[in-house]
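Okay, structure first, notes after.
Hydrogens, waters and symmetry mates are skipped; everything else that's a heavy atom, side chains included, is used. None of the values given here were measured: they were computed from a predicted structure.
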Amino acid sequence: MPFPETFLQELSDRNDIVDVVSSYVRLTKKSGANLFGLCPFHSEKTPSFSVAPDKQIYHCFGCGKGGSVINFIMEIENLSFPEAVEFLARRVGMQVPEEERNDPQARRREQLLAMNKDAARFFYDQFRAPSGAPAQDYALRRELSPATVKKFGLGYAPDSWDSLVNAMKAKGYSEGLLLQAGLVRKGKKGGVYDTFRSRLMFPVFDVRGNVIGFSGRILGDGEPKYMNSPETPVFNKSRNLFGMNLAKKTKLGYIILCEGNVDVVSMHQAGFDNAVASLGTSLTPEQARLISRYVNEVVIAYDSDGAGQKATQRAITILEKLDLKVRVLTMEGAKDPDEFIKTKGADAFRNLLAKSEDHVDYSLRSLQSRFDLTTGEGKLDFLKEAEAFIAGFSGKAERELYAMRVSDTVGVSADAVKQDVERLRKQREGRDKRQAEKQEMNLAGRSPVKTIRYENTRCAMAEEGVIRLLYKDPQLFDDVPELSPEEFSVPELGNMYRVLSQQTRAGPVTMASLSGALSADEISLLTILLQKPETAANGRKALSDYIDIMQTERQSREQSDDLLSLAENLRKKKGYTDQDGN
């Protein structure tokens, strides 16, 4: 165990799981002693993410993830166990035992972050040097002030094959580390060369202020126009947003979602400190969940071209699943926010924001534009798609409101549209119910964690009972001297037994201590099975019964395997004899 149990217990006690989770998830729905909210790990409309204050654990009934406060931070911040421990320790001002700071993965992440920071300084210095004239000229053309350049740490990658390589080696960084960070690439004839050359550099910060990667815009001719760092141990573009480290502090109460880095920079310069952008991809569910940690409203300000409109519809679909209020900005006379602000000014853009459409109005207007409503056929086709769209709304009042609007558009009675919408709604609910029932039947008897398989349900249930009893009453280990991890039919449960056995001999066992020894799937499964009822009153008898079931099922499997082996041997022997004509 990498950390003393007493330290981990104090860390968990001081980081109440409700307080920690509440900084990422709005826990609003109560059910008994538990709090519920929308799961931050998968998209859903109905809250299935549960936090149990009394047990200091969380569990999602939708995706199956669960564990302690340490597991939550590991999952949501994409950290290793030691890194999550340090994260929580900093949160409450605790000192991590120095002798325990030996995790190789954590050390490598620290090295990568330190090198990225030095690389960002190098690029920034190159921007200000005489050789940075191409980047300086570009910033002037885009009307970016020196204060804005400094605020975002904009830099310049020289038109050279080895300027960064040499600068980083001079600081003691190895080629291997540079390769892992994506700052250099391997040459065909050996050696390495700079990944970013002749580009305006945008350092990408995570919400904690670490430089995790870079985005570079070509200066002059060349492709690609924008280049991002590859995936690294510290950089995942689908989980981060450019500018989010600054926008999270906004007092405006909402986030403006843009397409490009320059849009974000120029909008912050104009006073809109709530602008962010995806990193070369469409908005992802992970990025949407990141936004939902800080605000409950988003304004989409993508480019006005066809690609921007498609990206807007995709973003709406993702954002509304998180119960975020979504508005859409429609710009006329400019292709993007940067151009609009430069031609019409910040005040005009502020007025435009105030007039931005609700995402439903935007979607219906976009849908309407696809049909010719001067013809009966066009009206019917629009009506069919609009009714299907409205039927997906969860609130009846909302369905009725937009049904009336559509009826006015096509000139039919509101009652007729409302009836069609409710009929489609019932059909959809029926399909969803049948699908849920089918899924429930398919999952009957299986592991509650999708990635873990239960080949023998009866044996697995007994093995779950063994783990549950031993966790609740470690003294029962005295009654299982002959049981080994290899006797479990489910390897993950066997590993839980092994870890429980080892940690029980060393001292008290908690979810916090197990978090560093079990995989994410194993800790999720343990969280689920610990919530099932199990009385410790007759623990020894129950434990004996569970072990008897395990042994009986194992003997049955062995006998079955022997019979199958015998039958296979007989089949082979018979086939050989028949070939001789007997």
Side-chain angles (χ1 to χ4, degrees), residues 124 127 135-155 200-205 207 209 215 217 219 225-226 240-280 283 287 290-291 294-305 307-309 311-312 315-316 319 324-359 361-362 365:
Y124 180 71
F127 181 98
Q136 296 167 16
D137 291 343
Y138 180 85
L140 283 172
R141 290 198 305 274
R142 300 307 293 259
E143 300 178 19
L144 301 179
S145 69
T148 297
V149 170
K150 183 177 181 180
K151 179 180 180 180
F152 282 88
L154 301 187
L200 177 69
M201 299 300 294
F202 299 82
V204 180
F205 295 84
V207 292
S215 179
R217 190 200 188 281
L219 295 173
K225 182 178 179 181
Y226 278 94
N240 292 278
L241 288 160
F242 180 74
M244 196 66 205
N245 60 307
L246 299 172
K248 70 174 186 176
K249 305 170 187 175
T250 185
K251 305 297 184 183
L252 295 175
Y254 62 94
I255 289 292
I256 303 175
L257 188 58
C258 307
E259 281 195 40
N261 296 350
V262 175
D263 282 332
V264 171
V265 173
S266 64
M267 288 179 70
H268 277 255
Q269 179 172 278
F272 304 99
D273 65 351
N274 54 343
V276 302
S278 301
L279 294 160
L283 183 73
Q287 290 168 340
L290 176 61
I291 291 172
Y294 302 101
V295 297
N296 57 15
E297 184 177 353
V298 178
V299 175
I300 302 173
Y302 285 163
D303 294 357
S304 56
D305 58 14
Q309 291 177 23
T312 295
I316 288 172
L319 292 165
L324 289 166
K325 181 180 179 182
V326 184
R327 293 185 285 136
V328 181
L329 198 67
T330 301
M331 289 170 287
E332 294 182 0
K335 64 180 177 61
D336 56 38
D338 177 48
E339 183 179 309
F340 189 96
I341 291 172
K342 284 183 172 57
T343 56
K344 301 186 179 183
D347 287 340
F349 189 77
R350 196 169 287 108
N351 291 334
L352 196 66
L353 283 169
K355 298 175 183 176
S356 56
E357 290 181 292
D358 175 89
H359 75 277
D361 292 325
Y362 171 84
R365 185 170 58 80

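Using a 4.5 Å cut-off on side-chain heavy atoms (C-beta onward), H359 and I300 make no contact. Taking the side chain as every heavy atom from C-beta outward, S145 and Q269 approach each other to under 4.5 Å. At least one side-chain heavy atom of F202 sits under 4.5 Å from a side-chain heavy atom of L154. At a threshold of 4.5 Å between non-hydrogen side-chain atoms, the residues Q136 and V149 do not count as touching. Put simply, the side chain of F152 does not reach to within 4.5 Å of the side chain of L144, judged on heavy atoms. Counting heavy atoms from C-beta on, the side chains of M267 and I341 come closer than 4.5 Å. No side-chain heavy atom of D336 sits under 4.5 Å from any side-chain heavy atom of V262.
By the side chain to side chain donor-acceptor pair (under 3.5 Å) test, E357 is found to be paired with R365, residues two or more places apart in sequence or in another chain being considered. Among residues two or more places apart in sequence or in another chain, the side chain to side chain donor-acceptor pair (under 3.5 Å) test is passed with K344 by none. By the ring-ring contact (aromatic ring centres under 6.0 Å, His included) test, F127 is found to be paired with no residue, residues two or more places apart in sequence or in another chain being considered. For F272, the ring-ring contact (aromatic ring centres under 6.0 Å, His included) partners two or more places apart in sequence, or in a different chain, are F349.
Considering every non-hydrogen atom in both V264 and V276, the closest pair reads CG2-C, 3.4 Å. Nearest heavy atoms, Q287 versus S278: OE1-OG, 3.4 Å. Shown here for A247 and A275, the closest heavy-atom pair between the two residues is CB-O, 4.0 Å. Counting all heavy atoms, side chain and backbone alike, K335 lies closest to M331 at O-CE, 4.4 Å. Closest heavy-atom contact between L290 and N240: CD2-CA, 4.3 Å. Contact record, D273 with H268: O-CE1, 3.2 Å, taken as the closest heavy-atom pair.
Looking at R141 and D137, no side-chain N of the basic residue comes within less than 4.0 Å of a carboxylate O on the acidic one, giving no salt bridge.
Rounded to the nearest 0.5 Å, atoms CD1 (I316) and CG (L283) are 11.0 Å apart. The distance from atom NZ of K325 to atom CG of D358, rounded to the nearest 0.5 Å, is 7.5 Å. Here CG of L219 is found 5.5 Å from CG of L200. Values are rounded to the nearest 0.5 Å. Note that CG of L257 is 7.0 Å distant from CG of L241, once rounded to the nearest 0.5 Å. Remark: K249 NZ to M244 CE distance equals 11.5 Å, nearest 0.5 Å. Atoms CG and CG, from L353 and L329 in turn, are 5.5 Å apart once rounded to the nearest 0.5 Å.
Defined by atom type and a distance below 3.5 Å, a donor-acceptor pair is present between the side-chain atoms of D338 and S266.
With hydrogens and angles disregarded, no donor-acceptor distance shorter than 3.5 Å links the side chain of K151 to the backbone of V265.
The list of side-chain hydrogen bond (donor to acceptor under 3.5 Å, both in side chains) pairs with a residue in residues 252-263, not counting sequence neighbours, reads S215-N261. Sorted by first and then second residue, the side-chain hydrogen bond (donor to acceptor under 3.5 Å, both in side chains) pairs involving residues 294-305 (not counting sequence neighbours) are E297-R327.
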